[in-house]
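Reviewing the structure listed below.
Position 1 is the first residue of the sequence; numbering continues from there.
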Amino acid sequence: MTRLAGIIGHPVAHSLSPVFQRVAFKHAGLDVRYEAWDTPPREVESRVQSLRGPGFLGANVTIPHKQGVIPFLDELGDLSVRIGAVNTIVNREGRLFGFNTDGPGFIEALRREANAEPKGERVLVLGAGGAARGIVFALVEAGVAAVDIHNRTAARADDLAAVAGPSARAVPGLPDLSGYAIIVNTTSVGMHGTGTEDQSACDLSLAAPRTLAVDIVYTPAETTFLRRARECGLRTLGGLPMLIYQGALAFTHWTGVPAPVDVMFEAAENELSRRRQYA
Ligand code: ATR
């Protein structure tokens, strides 16, 4: 029997998840159809409840429903409780489990694609929105020495630092960048379509030479932040690895087997270059 999985969001037409999850299931020899489920807010409950059916593996959840699905789930993983957001739902014999693989996907991307271990390091996170939240909680869990959060709206950084644990703190002004092993841009500054494509979330010229600069934006592949980092001689990591690894961890939650990350990367990169051609 063909089983079903999909992504719940609104809109989801441009999501890359169907592209790389489909090749992952195919490559693993699993008979699973992965669909894009555009779900307006009033349909979230019925969409989630439908996942209890025997043919459903589960779902990914994206903007704007990562909080909204929670009341309809039976059990939540630790990190998803602390973050207050779910991006992966797993159907186990009619019971629905919610996980958050965004933060862990970010940590996997650091380790596997940048050979960087956050444990014991000092990290600066720029931004305090939903994406920053998952990343900050996962960094704290990974045992960083400190995670400093800087945001345009200082109160949001204060709120996030207050709940993320003792190693997290908000920094009001832009701090001395030379003290960080890893600097992460989680803001939308530099993202295609925002009008800020030529801006960088901070001036990286004063960062220490071995610093890893990470941007979670993946369109364009090299943001102004990453280009400046490269020009300053820093190490860089783009946003696609985090996207792929959050999907890879979701795949493993559903199937119990490791995800074929290489084919997932290849499919996502091909799709992004196809979209650039037709843009
Ligand atoms: P996401 O869930 O993708 O993180 P979000 O919750 O809207 O999205 O957060 C966007 C982040 O980018 C916020 O930290 C936002 O700063 P504010 O909290 O001050 O709004 C940040 N951001 C967006 N545009 C920005 C800009 N032009 N300059 C600085 N920060 C910006």
Legend entry - salt bridge (Lys or Arg N to Asp or Glu O under 4.0 Å) between Asp102 and Lys66, intermediate numbers included: CA-CA 11 Å; Asp102 287 325; Lys66 290 185 186 187; 2.7 Å; yes
Can you tell if the side chain of [X] reaches within under 4.5 Å of the side chain of [Y], non-hydrogen atoms only?
{"X": "His10", "Y": "Pro64", "value": "yes"}
{"X": "Ser188", "Y": "Val217", "value": "no"}
{"X": "Thr252", "Y": "Val257", "value": "no"}
{"X": "Ile183", "Y": "Asn185", "value": "no"}
{"X": "Thr186", "Y": "Leu126", "value": "no"}
{"X": "Leu57", "Y": "Tyr34", "value": "no"}
{"X": "Leu124", "Y": "Val184", "value": "no"}
{"X": "Leu51", "Y": "Trp37", "value": "yes"}

Inset, instruction - May I ask you to decide if Pro41's main-chain N or O and Glu43's side chain share a donor-acceptor pair within less than 3.5 Å? - result: no
Legend entry - Test item: Thr153 side-chain N/O and Ala155 main-chain N/O as donor-acceptor pair under 3.5 Å: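 The answer is no, because no donor-acceptor pair under 3.5 Å joins these two groups.
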May I ask you to check whether over 12 heavy atoms, not counting those of [X], lie within 6.0 Å of atom [atom1]?
{"X": "Arg33", "atom1": "CZ", "result": "no"}
{"X": "Asp78", "atom1": "CG", "result": "no"}
{"X": "Arg47", "atom1": "CZ", "result": "yes"}
{"X": "Asp31", "atom1": "CG", "result": "yes"}
{"X": "His192", "atom1": "NE2", "result": "no"}

Residue pair [X] / [Y]: nearest heavy atoms and the distance that separates them:
{"X": "Ile83", "Y": "Arg133", "value": "O-NE, 2.7 Å"}
{"X": "Val189", "Y": "Thr196", "value": "CA-OG1, 3.5 Å"}
{"X": "Thr187", "Y": "Gly127", "value": "CG2-CA, 3.6 Å"}
{"X": "Leu226", "Y": "Gly238", "value": "CD1-CA, 3.6 Å"}
{"X": "His14", "Y": "Arg275", "value": "O-NH1, 2.9 Å"}
{"X": "Ala168", "Y": "Ile149", "value": "CB-CD1, 4.5 Å"}

Working to the nearest 0.5 angstrom, can you tell me the gap between [X] [atom1] and [Y] [atom2]?
{"X": "Phe99", "Y": "His253", "atom1": "CZ", "atom2": "NE2", "result": "5.0 Å"}
{"X": "Leu234", "Y": "Phe225", "atom1": "CG", "atom2": "CZ", "result": "8.5 Å"}
{"X": "Phe20", "Y": "Glu269", "atom1": "CZ", "atom2": "CD", "result": "11.5 Å"}
{"X": "Asn87", "Y": "Leu249", "atom1": "CG", "atom2": "CG", "result": "9.0 Å"}
{"X": "Leu243", "Y": "Phe106", "atom1": "CG", "atom2": "CZ", "result": "13.5 Å"}
{"X": "Ser17", "Y": "Ile8", "atom1": "OG", "atom2": "CD1", "result": "12.0 Å"}

Inset, instruction - Go through the steps for Leu16 and Tyr218 under the test side chain to side chain contact (heavy atoms under 4.5 Å, CB included), then give the verdict. - result: CA-CA 11 Å; Leu16 279 179; Tyr218 58 88; 3.6 Å; yes
Inset, instruction - Could you tell me if the ring centre of Phe251 sits under 6.0 Å from that of Phe25? - result: yes
Inset, instruction - Given side chain to side chain contact (heavy atoms under 4.5 Å, CB included), test Leu237 with Glu113 step by step and report yes or no. - result: CA-CA 8 Å; Leu237 181 70; Glu113 302 299 320; 3.8 Å; yes
Inset, instruction - Evaluate side chain to side chain donor-acceptor pair (under 3.5 Å) for Thr224 paired with Asp198, printing each intermediate quantity in order. - result: CA-CA 6 Å; Thr224 300; Asp198 59 348; over 6 Å; no
Inset, instruction - Test Trp254 against every option in Val90, Val32, Leu30 by the side chain to side chain contact (heavy atoms under 4.5 Å, CB included) rule and name the one that passes. - result: Val90
Legend entry - salt bridge (Lys or Arg N to Asp or Glu O under 4.0 Å) partner of Glu222, chosen from Arg228, Arg230, Arg227: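 So the option named by the test is Arg230.
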Legend entry - Hydrophobic cluster identity match, Val140 and Leu212, side-chain contacts under 4.5 Å: yes
Inset, instruction - Spell out, yes or no, whether Ile89 and Val81 are grouped together once hydrophobic residues are joined by side-chain heavy atoms under 4.5 Å, including indirect joins. - result: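 Both belong to a single hydrophobic cluster.
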Legend entry - Geometric cation-pi criterion, Arg122 with Tyr180: 6.0 Å, 45°: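 Cation-pi check for Arg122 and Tyr180: passes.
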Inset, instruction - With Arg92 as the cation and Phe97 as the aromatic partner, state whether NZ or CZ is under 6.0 Å from the six-membered ring centre and within 45° of the axis. - result: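 Yes, Arg92 and Phe97 form such a contact.
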Inset, instruction - Start with the C-alpha gap between His65 and Gln67, add the side-chain angles, then the distance that decides, and say whether side chain to side chain contact (heavy atoms under 4.5 Å, CB included) holds. - result: CA-CA 5 Å; His65 299 320; Gln67 286 95 28; over 6 Å; no
